[in-house]
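One structure below.
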Amino acid sequence: MRARLLISSAVEAELRRLGVEPPAGGVRLERPANPDHGDWSTNVALACAKAARRAPMELASQLATALSSTPPAHVRAVEALRPGFVNFRLSPSWLWEVLPAVVADREESYARLDLGRGERVQIEFVSANPTGPLHVGNGWWGAYGDSLARVMERCGYETTREYYVNDTGGQIRRLGESVLARRRGEPVPEEGYQGAYVRELALEYDGTEDATPAGRFAAERILENIKATLASLGIVYDSWYSQASIEETGKVGETISLLAAAGLVEEREGATWLLSTKLGDTRDRVLVKSNGDATYLAGDLAYHRDKFLVRGFDRVIDVFGADHHGQVASLVAGVSALGVDPGRLEVKLGQMVSLVEGGTTGKMSKRSGNFVALDELIADIGPDATRLLSLISGIDQATTLDLDLVRRQSMENPVYYVQYAHARIASIGRVATERGVVRVPLDQADLSTLVHPRELELLRLLDSLPDALADACTTRSPSRITSWVRDLAGAFHGFYHDCSVLGPDISDDLSQARMWLVEASRVGFAIGLELLGVNAPEAM
RNA sequence: GCCCCCGUAGCUCAACGGACAGAGCAACGGACUUCUAAUCCGCAGGUUGCAGGUUCGAUUCCUGCCGGGGGCGCCA
């Protein structure tokens, strides 16, 4: 990190000396994919050439020549290459500085950033209706929302995890009707819920024949199970927000009045409409039906008004399933009609998760009772595997999960690859203890013995964690962390294979340096796995 | 018809607008008297759906097609 800053400021200074204005964001260094291109590289010559009216390659050569004569710390060679890249070759010493930074800060402080500057952000996710168990897709997006919160917290945001509980309205009544029908021993109604859990709830319910209390009873029970399922994945909410608390108070009416005051409401055909077309929506939306009931949108707008204007969140991130895409435009329109900058609302749409089992694709539907419950998957493959699998691909990527493959706990499942690396670290520690080998203080260790490519690769990866984290945060992509952790695991396995830490042929100095490298790696896994919500086992 | 997401190796997926598109799995061939072989190494696998455009440079950005998924209720 520090070496890179030194280089980029040196490049910037040199650009100025050459009469070229550096880019606004400063000189950015990147790590070339091809190791032949050195340790760090910059494209400033290409980027500035046009504005400076210079030939890119010529500018790059001038930079390289000047920087070669007075190289920044750790820099061994500076080269200009082909279209206009400037490449820097460093001595391994820059990586030896990475190790103390990691082990001194430990998992508490290393790669802890302040991108958010304390901005208060609410992340609302899962929010599945309490009318049945969670399905696998809920778990997928749940892991996303929770890990995003972890990432943003580590980047200096103050986050709140919220679950919006749909504990009122038509679907609760339908749930109640289903329970009552089962209790009478009748088939559930056409629009009812068919799942086996309804039968169990019917056995427990001893209230009246009224659908609403029966539905509330069932929904409460189901919500308890949902909480337990999510908790088993390490997902714990700060707040469970009741839809009834919005809709059964005056909040919906107040919100509609505010919209009306803004001139965005119209009575038409006996219903009350939001003129969302004026705000970029494709059509107007009903707020109050002609029978006097408020629509879901009206409640949702009251809810978002509460988020922004009552509770005062600076930013709200809603994680919805892609099947809720249709409500986004009206939500955004409504929020901006309430006077909230719509840039403060981010809606992440989780693409669908489909399952393959025995070669056939299952269509998930709560009403038909035909879906794979998240609980079943967790019971099959465990919470860690469930979380890691769900965080491999981005939220925009529709995924296909082959249950047969995943159940085998085979190499199909990358969680074992990562956890095994961590278990090996713990194992080295145990053996060291057995043999009475004690780590000397870091400042007495000779880190310059770390020159093996495997060792340097580990250090490079540890150095890149803050970048990966920042990237994961700004793009709202926890899956970047998954990639990083898998890379670290690969690097560690290679190191483990080629570089004995405690072997008889290893000098004391090298052994000590490697023990510190192992410790730094442990810190890296601890941070990465914590962000993903995956356990780091001591043994496997 | 309109809106959103996607199309990359046999499969599942990566790749701040960067250099020769990478991993894992599956296939094939190797490596365990050693800190855990749930590992490592090698080999192979590609016209990044198609056609244009912008750019010094496009898997990435823009337009249009083709294909897949999801939406387009006075349901929630």
Side-chain angles (χ1 to χ4, degrees), chain A residues 28 30 32-34 36-37 41 43 45-47 49-50 55-57 81-85 87 129 131 166 168-172 174 191 243 268-273 282-283 285-291 293-297 299-300 321-329 347 349-352 354 389 392-402 405-406 409-417 419-421 423-432 434-435 437 467 470-471 474-475 479-480 482-483 486-487 490 492-494 496-506 514 518 539-540:
Chain A
R28 299 183 62 176
E30 51 190 54
N34 184 345
D36 289 346
H37 294 144
S41 163
N43 64 353
L46 288 157
K50 191 168 245 176
M57 193 56 205
L81 215 65
R82 274 177 258 158
F85 290 102
N87 297 335
N129 291 347
T131 52
N166 283 242
T168 181
Q171 90 271 346
I172 293 294
R174 272 197 294 276
E191 291 278 286
Q243 184 177 353
R268 205 188 293 161
E269 299 154 26
T272 305
W273 292 73
T282 50
R283 50 183 289 272
R285 311 278 171 171
V286 174
L287 291 170
V288 182
K289 305 180 212 171
S290 48
N291 69 4
D293 290 346
T295 59
Y296 179 83
L297 172 64
D300 211 20
D323 53 342
H324 288 74
H325 160 249
Q327 72 196 56
V328 175
V347 180
L349 293 175
Q351 296 302 310
M352 306 311 268
S354 53
L389 280 175
I392 284 179
S393 43
I395 189 87
D396 285 339
Q397 185 72 243
T399 43
T400 307
L401 184 63
D402 189 324
L405 284 177
V406 159
Q409 302 209 348
S410 68
M411 305 319 297
E412 284 292 325
N413 204 324
V415 74
Y416 304 105
Y417 186 79
Q419 291 187 321
Y420 186 51
R424 281 180 144 177
I425 288 177
S427 169
I428 292 172
R430 281 192 297 272
V431 172
E434 274 169 32
R435 297 187 188 171
V437 181
D467 291 336
D471 203 28
T474 54
T475 62
S479 61
R480 305 284 170 104
T482 316
S483 299
R486 294 175 77 186
D487 285 348
F492 190 82
H493 284 307
Y496 186 93
H497 186 267
D498 288 350
C499 302
S500 175
V501 177
L502 302 168
D505 303 332
I506 308 300
R514 283 180 174 170
V518 169
M540 287 176 73

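Reminder, nothing fancy here: chain letters follow the sequence lines and each chain counts from 1. Small disclaimer: the values here were computed from a predicted structure and weren't measured. Any value given below was found using the heavy atoms of this structure, including those in side chains, with hydrogens, waters and symmetry copies removed.
Between rG22(B) and rA44(B), the two C1' atoms lie 15 Å apart (nearest whole Å). Nucleotides rU59(B) and rG73(B) are separated by 39 Å at their P atoms, to the nearest Å.
For Asp323(A) and rG70(B), a side-chain-to-base donor-acceptor distance below 3.5 Å is absent, hydrogens and geometry of angles not being considered. Scanning atom types as modelled, one donor and one acceptor separated by under 3.5 angstrom connect the side chain of Ser41(A) and the base of rA19(B).
Not one side-chain nitrogen or oxygen of Tyr416(A) sits closer than 4.0 Å to the OP1 or OP2 atom of rA37(B).
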>> Let me check I have this right: for RNA chain B, each base becomes ., (, ), [, ] or |, based on Watson-Crick or G-U pairs with both distances under 3.5 Å. What is the full string?
In response: (((((((..((((....[...))))..((((.......))))......(((((..]....))))))))))))....
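Here the closest non-hydrogen pair linking Trp273(A) and Arg283(A) is CZ3-NH2, 4.4 Å.
Although no hydrogens or angles enter the test, the distance criterion places no donor-acceptor pair under 3.5 Å between the side chain of Arg480(A) and the main chain of Thr475(A). Using modelled atom types, one side-chain atom of Thr295(A) and one backbone atom of Val286(A) make a donor-acceptor pair closer than 3.5 Å.
Nearest to the side chain of Leu46(A), among rA19(B), rC56(B), rA14(B), sits rC56(B). Checking rG69(B), rA76(B), rC13(B) against the side-chain heavy atoms of Met352(A) singles out rG69(B) as nearest.
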>> What does the B/S/- profile of nucleotides 1-7 of chain B look like, 5' to 3', with a 4.0 Å heavy-atom cutoff to protein?
In response: --BSSS-
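A stacking contact links His37(A) to rA19(B): the aromatic ring centre lies within less than 5.5 Å of the base's six-membered ring centre, and the planes differ by less than 30°. Between the side-chain ring of Phe85(A) and the base of rA19(B), a stacking contact exists by the 5.5 Å and 30° definition.
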